[in-house]
Amino acid sequence: GLGDADYLRGHMRSARDRFLACVELCREHAFGQIEVANRHMVGWSRIFLMEFDQAMDDALAAVQMANRAGHFRAEMIGAELAGLIELERGHFDQARGYLQRNLELATLLNAGNFVAQSRFMLSRLALAEGKIELAKNNADTALATIREAGTAFIGPAVLAASAQLSEEPGQADSLLAEAEAILEAGCVSHNYFHFTRIAIDICLEQENWSGLERHAERLLDYTADQPLEWSDFMVNRGRALARWQLGERTPQLIETLQKLQSQGRQAGLGLQLTAIDQALTSAL
């Protein structure tokens, strides 16, 4: 319960430590049902610490335990975690397999929030592969699902994904405004991270520098009590790419981009390095 509370408010380092303590207690006292229900949360917390290799170990362990116990919900969330990690790594085929299993289980369990989250991630995967119509279809399904299931769990992330894929500027602005209103009212923490990353990319596409800075500052404010490697990386990436698009070619900026590239590669990121790689290649 303490781990859930920390996760819900974005204190991911504390959440990881709480969930690890939970798992250790479960093993010590043979509380298998509690362990299988919480094992994946260690990995979900680690995502935002950019501990992707350890998080993948957590995801696979959770899926294996869930299979042995016949615990569909735990398998569903573990498979989703594995799919997200493989997407972040740029391993698209592997991500698809996990996310399709996640969607299958979410549909079986009639878990609307997780159906929406799965469709959101499948949309992000399709967009990364350049399959725009498939990305739109998944985003539209996710959007329709949160209209029924509620917006607090994954709403802002879904709304941002739909906005990025919208071909109507007015509609995109409306979706982003709706998402920001939910963030201001309060919702599950992962929305602040996923929304901001997408919003920053939208601002880079639109050359909306003030909007980019506003989104970056909100995320930094949100994580001020417990700064996180993931959010710092995404903010620094957005700001550096904005400077590059504005025409800056200073040695200091090139060094910043090189450090981000190195940090991302060390963590195992693939998806978020493409723009950085392109900038540095053009600087040679």
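Every heavy atom of this structure was used, including side-chain atoms; hydrogens, water molecules and symmetry mates were not.
No donor-acceptor pair under 3.5 Å is formed between the side chain of Asn113 and the backbone N or O of Ile154. Here the side chain of Asn38 pairs a donor or acceptor atom with the backbone of Ile34 at under 3.5 angstrom. Judged purely by atom type and a 3.5 angstrom limit, Ser174 has no side-chain atom pairing as donor or acceptor with the backbone of Gly170. Using a distance-only test at 3.5 Å, with no hydrogens or angles considered, a donor-acceptor pair links the side chain of Thr281 to the main chain of Asp277. With hydrogens and angles ignored, the 3.5 Å screen pairs a side-chain donor or acceptor of Thr145 with a backbone N or O of Thr141. Listed for the Asp6 side chain is no donor-acceptor partner under 3.5 Å among the backbone atoms of Met12. Within the 3.5 Å criterion, the main-chain N or O of Leu219 finds a donor-acceptor partner in the side chain of Thr223. Ser231 places a side-chain N or O within 3.5 Å of a backbone atom of Leu228 that can act as its donor or acceptor partner. Not one N or O on the side chain of Ser123 forms a donor-acceptor pair closer than 3.5 Å with the backbone of Arg119. With hydrogens and angles ignored, the 3.5 Å screen pairs no side-chain donor or acceptor of Asn236 with any backbone N or O of Phe233.
Here Glu180 pairs with Arg214 in a salt bridge; the nearest charged N to carboxylate O distance falls below 4.0 Å. Look at Arg239 and Glu217 and you find a salt bridge, because one of the NZ, NE, NH1 or NH2 atoms lies within 4.0 Å of a carboxylate O, short of that distance. Ion pairing between a basic and an acidic side chain is recognised when a charged N comes within 4.0 Å of a carboxylate O; Arg218 and Asp221 show no such pairing.
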task: Show your reasoning for whether salt bridge (Lys or Arg N to Asp or Glu O under 4.0 Å) applies to Arg39 and Glu24.
output: CA-CA 10 Å; Arg39 185 70 174 83; Glu24 289 170 5; over 6 Å; no

Original post:
What's the verdict on side chain to side chain contact (heavy atoms under 4.5 Å, CB included) for Asp53 and Asp57, showing C-alpha distance, side-chain angles and the deciding distance?
Top reply: CA-CA 6 Å; Asp53 289 343; Asp57 291 341; 5.6 Å; no

Between Ile182 and Asn191, is the side chain to side chain contact (heavy atoms under 4.5 Å, CB included) condition met? List the steps.
CA-CA 9 Å; Ile182 298 168; Asn191 284 290; over 6 Å; no

Q) Are Glu51 and Arg13 close enough, and set up right, to give a salt bridge (Lys or Arg N to Asp or Glu O under 4.0 Å), and what steps lead you there? A) CA-CA 11 Å; Glu51 296 176 353; Arg13 202 176 312 280; 5.6 Å; no

* Please report the C-alpha distance between Phe31 and Gln33 in whole Å, then the side-chain angles of each, then the deciding distance to 0.1 Å, and finally whether the side chain to side chain contact (heavy atoms under 4.5 Å, CB included) criterion is met. => CA-CA 6 Å; Phe31 296 152; Gln33 288 286 351; over 6 Å; no

Between Arg16 and Phe48, does a side chain to side chain contact (heavy atoms under 4.5 Å, CB included) hold up when you go through it step by step? CA-CA 10 Å; Arg16 177 202 58 188; Phe48 302 101; over 6 Å; no

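Here the closest heavy-atom approach between residue Ala149 and residue Gly112 is recorded as CB-C, 4.0 Å. Scanning both residues, Ser282 and Trp244, for their nearest heavy atoms gives OG-CZ2, 3.3 Å. For Phe120 against Ala157, the heavy-atom pair with the smallest separation is CE1-O, 3.4 Å. Here the shortest heavy-atom pairing between Gly78 and Val63 reads C-CG2, 3.6 Å. Closest non-hydrogen pair, Phe52 versus Ala267, comes out as CD1-O, 3.2 Å. Taking every heavy atom of both residues into account, Cys203 and Gly211 meet most closely at SG-C, 3.6 Å.
Hydrophobic clustering, with ILVMFWY side chains joined whenever heavy atoms are under 4.5 angstrom apart, keeps Leu271 apart from Leu127. Taking hydrophobic clusters as Ile, Leu, Val, Met, Phe, Trp and Tyr residues chained together by side-chain heavy-atom distances below 4.5 Å, Met41 shares a cluster with Leu109. Trp209 and Ile202 fall within a single hydrophobic cluster, where Ile, Leu, Val, Met, Phe, Trp and Tyr are joined by side-chain heavy atoms under 4.5 Å apart, directly or via other members. By the rule that hydrophobic residues join a cluster once side-chain heavy atoms approach within less than 4.5 Å of another member, Leu8 and Leu49 end up as members of one cluster. By the rule that hydrophobic residues join a cluster once side-chain heavy atoms approach within less than 4.5 Å of another member, Leu241 and Ile254 end up as members of one cluster.
For Phe19 and Tyr7, the distance between ring centers is not under 6.0 angstrom.
Within the 4.5 Å cutoff, the side chain of Thr151 has no heavy atoms near those of the Cys187 side chain. Leu20 is listed as a side-chain neighbour of Arg46, based on a closest heavy-atom distance under 4.5 Å. Contact annotation: the side chain of Glu80 never approaches that of Leu105 to less than 4.5 Å [non-hydrogen atoms, C-beta and beyond]. Residues Arg96 and Glu129 have side chains in contact (heavy-atom distance under 4.5 Å, counting atoms from C-beta outward). With a 4.5 Å cut-off on side-chain heavy atoms, Val42 and Val23 count as touching.
Rounding to the nearest 0.5 angstrom, the gap separating the CG atom in Leu125 from the CG atom in Asn138 is 8.5 Å. In this structure, CG in Leu220 is found 13.0 Å from NE2 in His215, a value given to the nearest 0.5 Å. Separating the CD1 atom in Ile146 from the CD atom in Gln117 is a distance of 12.0 Å, to the nearest 0.5 Å. Separating the CG atom in Leu175 from the CG atom in Leu143 is a distance of 6.5 Å, to the nearest 0.5 Å. Between the CE atom of Met76 and the OG atom of Ser118 there is a distance of 9.5 Å, given to the nearest 0.5 Å. Distance CG/Leu122 to NZ/Lys131: 11.0 Å, rounded to 0.5 Å.
Side chains of Gln226 and Ser14: a donor on one and an acceptor on the other come within 3.5 Å. Checking Gln164 against Arg124 by side-chain atom types alone, a donor-acceptor pair falls below 3.5 Å. Side-chain atoms of Glu248 and Thr250 form a donor-acceptor pair, as typed in the model, at a separation below 3.5 Å.
When each of Trp44, Phe153, Trp230, Tyr222 is tested with His190 by the rule ring pair (Phe, Tyr, Trp, His ring centres under 6.0 Å), just one qualifies, namely Phe153.
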Got a list of side-chain donor-acceptor pairs under 3.5 Å for residues 194-201, not counting sequence neighbours?
| from | atom 1 | to | atom 2 | distance (Å) |
| --- | --- | --- | --- | --- |
| Thr196 | OG1 | Tyr192 | O | 2.6 |
| Arg197 | NH1 | Glu88 | OE1 | 3.0 |
| Arg197 | NH1 | Glu88 | OE2 | 2.9 |
| Arg197 | NH2 | Glu88 | OE2 | 2.8 |
| Asp201 | OD1 | Arg237 | NH1 | 3.0 |

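Not counting sequence neighbours, the partners of His91 by the side chain to side chain contact (heavy atoms under 4.5 Å, CB included) test are Glu86, Arg89, Gln94.
In the displayed structure, Glu167 atom CD is contacted under 6.0 Å by at most 12 heavy atoms of other residues, nucleotides or ligands.
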